[in-house]
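The figures here come from the full heavy-atom set of this structure, side chains too, leaving out hydrogens, waters and symmetry mates.
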Amino acid sequence: MRTQVGIIGAGPAGLLLSHLLHLRGIESVVLESRSYDYITSRIRAGLMEQNTVDLLNEVGLAKNLNKVALPHDGVQFTFDGVLRRINMQELIGRRVTIYGQQLIVKDMADIRERVGGEILYEAEATQISNLESKPSITFIHSGQEQTLECDFVAGCDGFHGLSRPSVPGNLRKDFDRVYPFGWLGLLISAVPPSEELVYCHSPTGFALFSMRSEEVTRAYLQVRPNESLENWSEDRIWSELRGRLGQHDGLSLVEGEILQKVITPMRSWVSEPMQYGNLYLAGDSAHIVPPTGAKGMNLAIADVCVLSRGLIDFYQNNNWHYLNSYSETCLRRVWRAEHFSWWMTTMLHRFYDANPFDHKRQIAELHTVFDSDAGSRLVAENYAGLPLEPWQP
Ligand code: RFL
Ligand code: PHB
């Protein structure tokens, strides 16, 4: 089997890349180890930056999104007994949008399928070879080992994929921070406490109230690392949700059936450079962030814009400029998102080893940022997202 760009992974990064390349007549094949049903029902991200939504509109991927997504002009924070709202629309003229990752993955996969795009599900890439000349990807599909020959490999296979480890260890530098807590993610059949997201700092830990629709709440509770789900009875969950939200005018916690609970560890990670030979890493395969800043999927999409521009310029104009500067261009934005995600995480979570001084300092930091117009604007600019690079030359 042969194609121009071999893409490993049908997450937001891989699917968007294959769509953008298709719009400019460049062929790709996407290899995905999981099934179509799995990737279109896996609950992960929910929040999209304004630029992400604008891009999806520009490239014809936002038809369903525009029907059901929930745009938010503001975002709310509680700490030290107060509720603060950042009005992003007023401060910076931009907003964020709630639309489940599994829905945008489905929209992209279905559109690729409709125009004859090749996505092989249950096709696990097991080896990438000849990265410095004509690459090939070995994969197992329907029990058979096969080979995909290509000009370039896009490693869009997430944090646990095969692409990053295919960059020789002596040419790669990894930057890593593990946080001493995780998130218990809950999907609840109940009206969310507010129409907007509420991030809560509390003496018993962080909580976030998001949503997937007007009737479905998506909530997260900070939990100890390596916490077991068995320790989280429904009673304990409701009591922590209630306590961490606190009592504020306009916020009310409605109980409902808990449809799903999952614990996720929290980590920051960057692998540099994001390119080796003809392999380009995009999205979680190259970097991850703790979800407090809602940046992971948005960053994956930002990488893909840079990569599609490079590949289009190469195929249309034989120009290597954007491909040669791919890693450097992406990493500038990646590190800003890493910083923002780290900052939101450390400012809003309770560190279990913090002493009373640390706690008072943290509360002071929250007042410094959220009582200030300049502080609120800084949060708004980063939360609603930095401008994207153009996806074509
Ligand atoms: P993905 O989505 O992990 O997709 C990678 C795909 O590659 C496949 N794969 C392979 N296929 C073939 N052969 C192999 N050897 C393969 N190895 C792996 C996998 O099956 C998979 O389908 O990576 P991508 O495309 O880079 O997208 C990244 C995003 O998924 C991720 O950053 C976000 O989910 C992060 N995230 C959030 N991001 C946001 O922008 N906004 C949010 O609100 C937000 N909320 C979140 C989040 C992540 C969370 N968790 C679960 C960590 C909330 C949570 C709780
Ligand atoms: C979500 O809706 O899943 C979500 C929203 C904002 C975050 C993290 C997750 O910061």
Side-chain angles (χ1 to χ4, degrees), residues 11 34-35 37-48 68-70 72 75-79 83 96-106 179-267 288-294 296-297 344-345 348-350 352:
R34 304 289 194 148
S35 66
D37 289 346
Y38 182 88
I39 63 159
T40 55
S41 56
R42 174 172 50 185
I43 303 209
R44 292 181 80 183
L47 189 131
M48 288 184 177
V68 303
L70 304 170
H72 292 172
V75 52
Q76 303 180 41
F77 295 84
T78 67
F79 54 92
L83 169 65
V96 296
T97 295
I98 288 287
Y99 189 63
Q101 177 170 335
Q102 77 283 8
L103 300 178
I104 192 64
V105 162
K106 181 172 189 321
Y179 297 87
F181 36 73
W183 274 15
L184 167 59
L186 303 158
L187 193 68
I188 305 170
S189 171
V191 176
S194 161
E195 282 177 9
E196 295 176 340
L197 272 71
V198 189
Y199 290 78
C200 308
H201 173 275
S202 90
T204 49
F206 169 81
L208 166 61
F209 295 86
S210 178
M211 68 285 297
R212 284 296 175 272
S213 71
E214 276 143 15
E215 292 86 36
V216 176
T217 299
R218 177 76 168 145
Y220 298 99
L221 284 169
Q222 173 186 349
V223 296
R224 294 204 173 249
N226 310 317
E227 180 67 287
S228 158
L229 270 179
E230 285 155 27
N231 295 335
W232 286 84
S233 66
E234 296 230 344
D235 282 351
R236 183 173 179 206
I237 288 172
W238 288 112
S239 144
E240 287 297 326
L241 288 173
R242 195 170 299 288
R244 294 184 196 189
L245 180 64
Q247 300 216 321
H248 303 276
D249 288 347
L251 300 184
S252 54
L253 186 67
V254 180
E255 293 195 11
E257 187 188 350
I258 297 176
L259 306 170
Q260 195 194 82
K261 8 179 212 182
V262 181
I263 292 181
T264 317
M266 303 273 276
R267 192 166 197 176
I288 57 169
V289 287
T292 327
M297 181 180 62
M344 284 289 117
T345 302
L348 289 164
H349 286 71
R350 176 183 161 220
Y352 299 112

Taking it one step at a time, do E255 and R242 satisfy salt bridge (Lys or Arg N to Asp or Glu O under 4.0 Å)? CA-CA 10 Å; E255 293 195 11; R242 195 170 299 288; 2.9 Å; yes

I'd like to know whether L251 forms a side-chain contact (heavy atoms from CB on, under 4.5 Å) with F209, so could you lay out the CA-CA distance, the side-chain angles of the two residues, the decisive distance to 0.1 Å, and finally the verdict. CA-CA 10 Å; L251 300 184; F209 295 86; over 6 Å; no

So W238 and I188, side-chain contact (heavy atoms from CB on, under 4.5 Å) or not? Walk me through it. CA-CA 11 Å; W238 288 112; I188 305 170; 3.7 Å; yes

Between F181 and M266, does the side-chain contact (heavy atoms from CB on, under 4.5 Å) criterion hold? Intermediate values first, please. CA-CA 7 Å; F181 36 73; M266 303 273 276; 4.1 Å; yes

Does the pair V223 and N231 meet the rule for a side-chain contact (heavy atoms from CB on, under 4.5 Å), with working shown? CA-CA 10 Å; V223 296; N231 295 335; over 6 Å; no

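Between W183 and Y220, the angle of the ring planes lies from 30° to 60°, which puts this pair in the tilted group.
When atom types are taken as modelled, the side chain of T97 and the backbone of M48 share no donor-acceptor pair closer than 3.5 angstrom. Judged purely by atom type and a 3.5 angstrom limit, K261 has no side-chain atom pairing as donor or acceptor with the backbone of I237.
Using a 4.5 Å cut-off on side-chain heavy atoms (C-beta onward), L245 and P193 make contact. In this structure, M211 and L197 have side chains that are in contact, with non-hydrogen atoms separated by less than 4.5 Å. No side-chain heavy atom of F79 sits under 4.5 Å from any side-chain heavy atom of Y199. Looking at heavy atoms from C-beta onward, Q222 lies in side-chain contact with Y352 at the 4.5 angstrom threshold. Side-chain contact between P265 and R267 is absent, with no heavy atoms from C-beta onward closer than 4.5 Å.
With R218 as the partner, the side-chain contact (heavy atoms from CB on, under 4.5 Å) test is satisfied by one option alone out of L47, L186, I43: I43. When each of R244, E240, R350 is checked for a side-chain contact (heavy atoms from CB on, under 4.5 Å) with S202, only R244 meets the rule.
P225 and P180 get closest at one heavy-atom pair: CD-O, 3.2 Å. Across V289 and G296, no two heavy atoms sit closer than the pair CG2-N, 3.7 Å.
Expressed to the nearest 0.5 Å, how far CG of L241 lies from CD of E234 amounts to 10.5 Å. Between atom OG of residue S210 and atom NE2 of residue H72 there is a gap of 7.5 Å, rounded to the nearest 0.5 Å. Note: E214 CD to T217 OG1 = 11.5 Å, rounded to the nearest 0.5 Å. From L208, atom CG reaches atom CE of M344 across 12.0 Å, with rounding to the nearest 0.5 Å. Rounding to the nearest 0.5 Å gives a distance of 6.5 Å between SG of C200 and NE2 of H248.
Remark: E196 engages Q76, R85 in a side-chain hydrogen bond (donor to acceptor under 3.5 Å, both in side chains) (not counting sequence neighbours).
With a 6.0 Å radius and a threshold of 12 heavy atoms from other residues, nucleotides or ligands, Q260 has its CD atom above the threshold.
If you look at Y179 and H349, their ring centroids are not closer than 6.0 Å.
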